[in-house]
Amino acid sequence: MSKRVLITGGNSGIGFCTAEQLVARGAEVILACRDQTKGQAAIAKIKNAHPQAKIRLFPLDLADLEQVRDCAAQLYQELGHIDVLINNAGVVPTRQEFTKDGYEMQFGVNYLAPVLFTHLMLPLLKKGTAPRILHVASVAHWLGRINKKTWKGRKPYLIMDAYGQSKLANILFSNVLADRLKEIGITSNALHPGGVDTPIFRHVPNAIMALIRPTLTTPEKAASLPVSLALDKQYVGITGEYFANHKTALRSPRARNSSLADELYYDTMAELGIPCLLYTSDAADDMQCVD
């Protein structure tokens, strides 16, 4: 049976290659992208290579929480289920920028909005087959520290500090979901797909670069990990892990800190103004708050 996979972003880079490889393996792909022109171009390119591809495009701007909710509502109306959610979209601005809601752009787009979007997609995932959630994180999470004082801006703006915080937050959120959703069979895993050598790495300290350099690869090769985690039978029931190079990888001490994960989760729910959502085993389509 064909899997239905929803990817945030996906119109370029690793996300595009992920979408193309998923289609090549027979999956139905839903792209949720900010730039609809680039999204349509990506779909045209994929269909040119794979004429039988099942692929659709929806508007999603992670820099606007209201638009995140609008996209989720549209998806809920038009899709009966999804089997896999890949939180792929992200940004790394070289100058400090802010979301429409006033959050530092990397924190808002790379972490906060995906948390909201993931919660809103849980009813569709619950109707899927062996549903999986994947969070595209990074080995750069080793640089990360959770600092609430920086969520709405930081002085000075340090690119890799902001990036590291957002990627650490991705892994901590994945850990929380894995724990809270295990009983109903929705798995949650984080991954470092492998970096593609770009100018962003000029900001990385030498010690961290020593960790990153062996993982640098092409977008096509990098996409093979999220594709495998999304579709391969060997990952059924596997949850709460962090993968790199197609195997479980070492997380930083902070990324393994369950108390930090819970604290971040509760603080995030407060920022979003929603309860700590989670399914109970007897829930049908409703998300419930369980203390």
Side-chain angles (χ1 to χ4, degrees), residues 3-9 18 22 30 32 62 68 72 81-90 110-138 141 144 146 166-193 225-244 246-252 254-266 268-269 272 274-281 283 287-290:
K3 293 285 187 180
R4 176 179 284 169
V5 184
L6 170 58
I7 309 175
T8 64
T18 299
L22 286 167
I30 310 297
L62 293 171
V68 171
H81 76 282
I82 56 175
D83 300 303
V84 184
L85 168 62
I86 304 179
N87 286 314
N88 163 81
N110 297 353
Y111 169 70
L112 188 64
V115 170
L116 174 61
F117 189 67
T118 299
H119 279 79
L120 294 174
M121 290 297 98
L122 287 176
L124 292 179
L125 282 161
K126 189 171 186 290
K127 296 176 182 178
T129 301
R132 310 177 189 184
I133 303 171
L134 301 177
H135 312 264
V136 177
S138 170
H141 80 271
I146 302 301
S166 71
K167 296 292 108 176
L168 171 61
N170 291 155
I171 296 176
L172 292 172
F173 177 52
S174 178
N175 296 346
V176 167
L177 285 184
D179 181 58
R180 291 172 179 250
L181 300 178
K182 183 181 295 185
E183 289 188 5
I184 61 163
I186 299 178
T187 63
S188 174
N189 292 292
L191 65 117
H192 171 58
L225 177 56
V227 170
S228 180
L229 291 171
L231 300 182
D232 289 350
K233 292 182 179 179
Q234 72 192 74
Y235 297 111
V236 172
I238 302 299
T239 194
E241 298 289 351
Y242 168 66
F243 292 90
H246 291 268
K247 58 187 178 182
T248 55
L250 181 64
R251 286 170 282 193
S252 72
R254 292 187 186 94
R256 301 192 300 269
N257 187 324
S258 59
S259 295
L260 179 62
D262 286 338
E263 181 181 357
L264 174 63
Y265 183 68
Y266 289 123
T268 301
M269 295 301 97
L272 292 170
I274 59 178
C276 304
L277 303 175
L278 134 136
Y279 284 112
T280 58
S281 58
M287 289 175 286
Q288 300 183 4
C289 183
V290 177

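Scope of the values below: all heavy atoms of this structure, side chains included, with no hydrogens, waters or symmetry mates. Along the sequence shown, the residues carry numbers beginning at 1.
- With a 4.5 Å cut-off on side-chain heavy atoms, Ile133 and Ile86 do not count as touching.
- Note that the CZ atom of Phe173 and the CG atom of Leu112 stand 10.0 Å from one another [nearest 0.5 Å].
- Distance check: Ser138 OG to Ile171 CD1 gives 8.0 Å after rounding to the nearest 0.5 Å.
- Note that OG1 of Thr8 is 13.0 Å distant from CD1 of Ile30, once rounded to the nearest 0.5 Å.
- Note: Thr248 OG1 to Glu241 CD = 6.0 Å, rounded to the nearest 0.5 Å.
- Although no hydrogens or angles enter the test, the distance criterion places a donor-acceptor pair under 3.5 Å between the side chain of Asn257 and the main chain of Ser259.
- Within the 4.5 Å cutoff, no side-chain heavy atoms of Asn170 are placed close to those of Val136.
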Query raised in the report: Can His246 and Asp232 be said to form a side chain to side chain contact (heavy atoms under 4.5 Å, CB included), step by step?
Result: CA-CA 12 Å; His246 291 268; Asp232 289 350; over 6 Å; no
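- In this structure, Thr118 and Met121 have side chains that are not in contact, with every pair of non-hydrogen atoms separated by 4.5 Å or more.
- A pairwise comparison of heavy atoms in Tyr111 and Ser166 identifies CB-O, 4.2 Å as the closest pair.
- Between Val236 and Arg132, the closest side-chain pair of non-hydrogen atoms falls below 4.5 Å.
- Residues Pro131 and Asp83 are not in side-chain contact: their nearest non-hydrogen atoms beyond the backbone lie 4.5 Å or more apart.
- Aromatic pair His141/Tyr242: ring centres closer than 6.0 Å.
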Query raised in the report: Can Leu172 and Ile146 be said to form a side chain to side chain contact (heavy atoms under 4.5 Å, CB included), step by step?
Result: CA-CA 10 Å; Leu172 292 172; Ile146 302 301; 4.1 Å; yes
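- In this structure, Ile186 and Leu122 have side chains that are in contact, with non-hydrogen atoms separated by less than 4.5 Å.
- Test Leu22, Thr129, Ile82 against Lys3 for side-chain contact (heavy atoms from CB on, under 4.5 Å) and you get one pass: Thr129.
- The minimum heavy-atom distance linking Ser174 with Ala190 is given by the pair OG-N, 3.4 Å.
- Of all heavy-atom pairs spanning Leu134 and Ala230, the tightest one is CD1-N, 3.8 Å.
- Atom-to-atom distance recorded for Arg4:CZ and Leu124:CG is 8.5 Å, nearest 0.5 angstrom.
- Counting all heavy atoms, side chain and backbone alike, Gly240 lies closest to Arg251 at O-NH1, 3.1 Å.
- Taking the side chain as every heavy atom from C-beta outward, Lys182 and Ser188 never approach each other to under 4.5 Å.
- A donor-acceptor pair under 3.5 Å links the side-chain atoms of Asn189 to the main chain of Ile238, judged by distance alone.
- Between Leu231 and Val5, the shortest heavy-atom distance links the atoms CD2-CG2, 4.3 Å.
- In plain terms, the two heavy atoms of Leu225 and Pro193 that are nearest each other are CD2-CA, 4.1 Å.
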Query raised in the report: Given His81 and Lys126, is the side chain to side chain contact (heavy atoms under 4.5 Å, CB included) satisfied, shown in steps?
Result: CA-CA 8 Å; His81 76 282; Lys126 189 171 186 290; over 6 Å; no
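- Using a 4.5 Å cut-off on side-chain heavy atoms (C-beta onward), His135 and Leu191 make no contact.
- Annotation: the span from Leu62 atom CG to Leu116 atom CG amounts to 9.5 Å, rounded to 0.5 Å.
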